Undergrad: 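My questions will all concern the structure given below.
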Amino acid sequence: MDERLEVSVTFDERRGYIASAPELRQPVTALSLGGLRRRIEIALLPEDVHVVLQLDVRARRERDRRRAG
């Protein structure tokens, strides 16, 4: 059965989305949330995990800004 992994996510204008969790060796960065999720899954191979992104205020604000277009 899949393991659930909750990852904390923030946003920095210079670096993009930044994810951190004890299971990750170092913070993971990406320009999009989809890219961030893929990079996290790749970093955790061969484990089969269900990645849950926990967005902080900055990350939620940026996600909403992008959705609004």
Side-chain angles (χ1 to χ4, degrees):
M1 190 164 189
D2 292 348
E3 179 183 337
R4 180 183 168 114
L5 173 64
E6 293 192 5
V7 179
S8 299
V9 180
T10 190
F11 181 79
D12 180 280
E13 290 181 8
R14 293 170 283 137
R15 296 173 62 198
Y17 291 100
I18 305 165
S20 59
E23 295 82 358
L24 299 171
R25 295 181 189 181
Q26 59 189 21
V28 177
T29 62
L31 297 178
S32 70
L33 290 172
L36 188 67
R37 182 182 304 276
R38 284 189 297 278
R39 287 182 178 206
I40 293 167
E41 290 170 347
I42 290 168
L44 296 173
L45 285 175
E47 295 180 37
D48 189 20
V49 297
H50 175 73
V51 177
V52 178
L53 302 177
Q54 298 292 328
L55 307 181
D56 72 2
V57 173
R58 284 195 229 160
R60 277 195 308 272
R61 190 178 304 135
E62 178 62 17
R63 179 203 57 196
D64 294 345
R65 185 188 70 76
R66 290 181 183 197
R67 281 183 177 174

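All of these numbers come straight from a predicted model, not from anything done at the bench.
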Undergrad: Nearest 0.5 Å please: distance from the CG atom of Leu24 over to the CD atom of Gln26.
TA: 9.0 Å

Undergrad: Which value, rounded to the nearest 0.5 Å, describes the distance between Leu5 atom CG and Asp48 atom CG?
TA: 12.0 Å

Undergrad: Going by atom type alone, with no hydrogens or angles, which donor-acceptor pairs under 3.5 Å involve a side-chain atom of residues 29-39 and a protein atom two or more places apart or on another chain?
TA:
{"residue": "Ser32", "atom": "OG", "partner": "Gly35", "partner atom": "N", "Å": "3.0"}
{"residue": "Arg37", "atom": "NH1", "partner": "Val51", "partner atom": "O", "Å": "2.5"}
{"residue": "Arg38", "atom": "NH1", "partner": "Gly34", "partner atom": "O", "Å": "3.4"}
{"residue": "Arg39", "atom": "NH1", "partner": "Thr29", "partner atom": "O", "Å": "2.8"}

Undergrad: Sub-3.5 Å donor-acceptor pair from the side chain of Arg60 to the main-chain atoms of Leu55, do we have one?
TA: yes

Undergrad: From Phe11 CZ over to Arg58 CZ, what is the distance, rounded to the nearest 0.5 angstrom?
TA: 10.0 Å

Undergrad: Let me know which of Thr10, Val9, Val28 forms a side-chain contact (heavy atoms from CB on, under 4.5 Å) with Tyr17.
TA: Val9

Undergrad: I'd like to know if Asp12 pairs up with Arg14 as an ion pair, taking the criterion as any Lys NZ or Arg NE/NH1/NH2 lying under 4.0 Å from an Asp or Glu carboxylate oxygen.
TA: yes

Undergrad: Are more than 12 heavy atoms from other residues, nucleotides or ligands located less than 6.0 Å from atom CZ of Arg25?
TA: no

Undergrad: To the nearest 0.5 Å, tell me how far Glu41 CD sits from His50 NE2.
TA: 9.5 Å

Undergrad: Is there a side-chain contact (heavy atoms from CB on, under 4.5 Å) between Arg4 and Val52? Walk through the geometry before answering.
TA: CA-CA 7 Å; Arg4 180 183 168 114; Val52 178; 3.8 Å; yes

Undergrad: Just wondering, more than 12 heavy atoms not from Arg63 lying within 6.0 Å of its CZ?
TA: yes

Undergrad: Applying side-chain contact (heavy atoms from CB on, under 4.5 Å), run through Ile40 and Val49 and close with a yes or a no.
TA: CA-CA 10 Å; Ile40 293 167; Val49 297; 5.8 Å; no

Undergrad: What pair of heavy atoms forms the shortest contact from Val7 to Ala19, and how long is it?
TA: CG1-CB, 3.4 Å

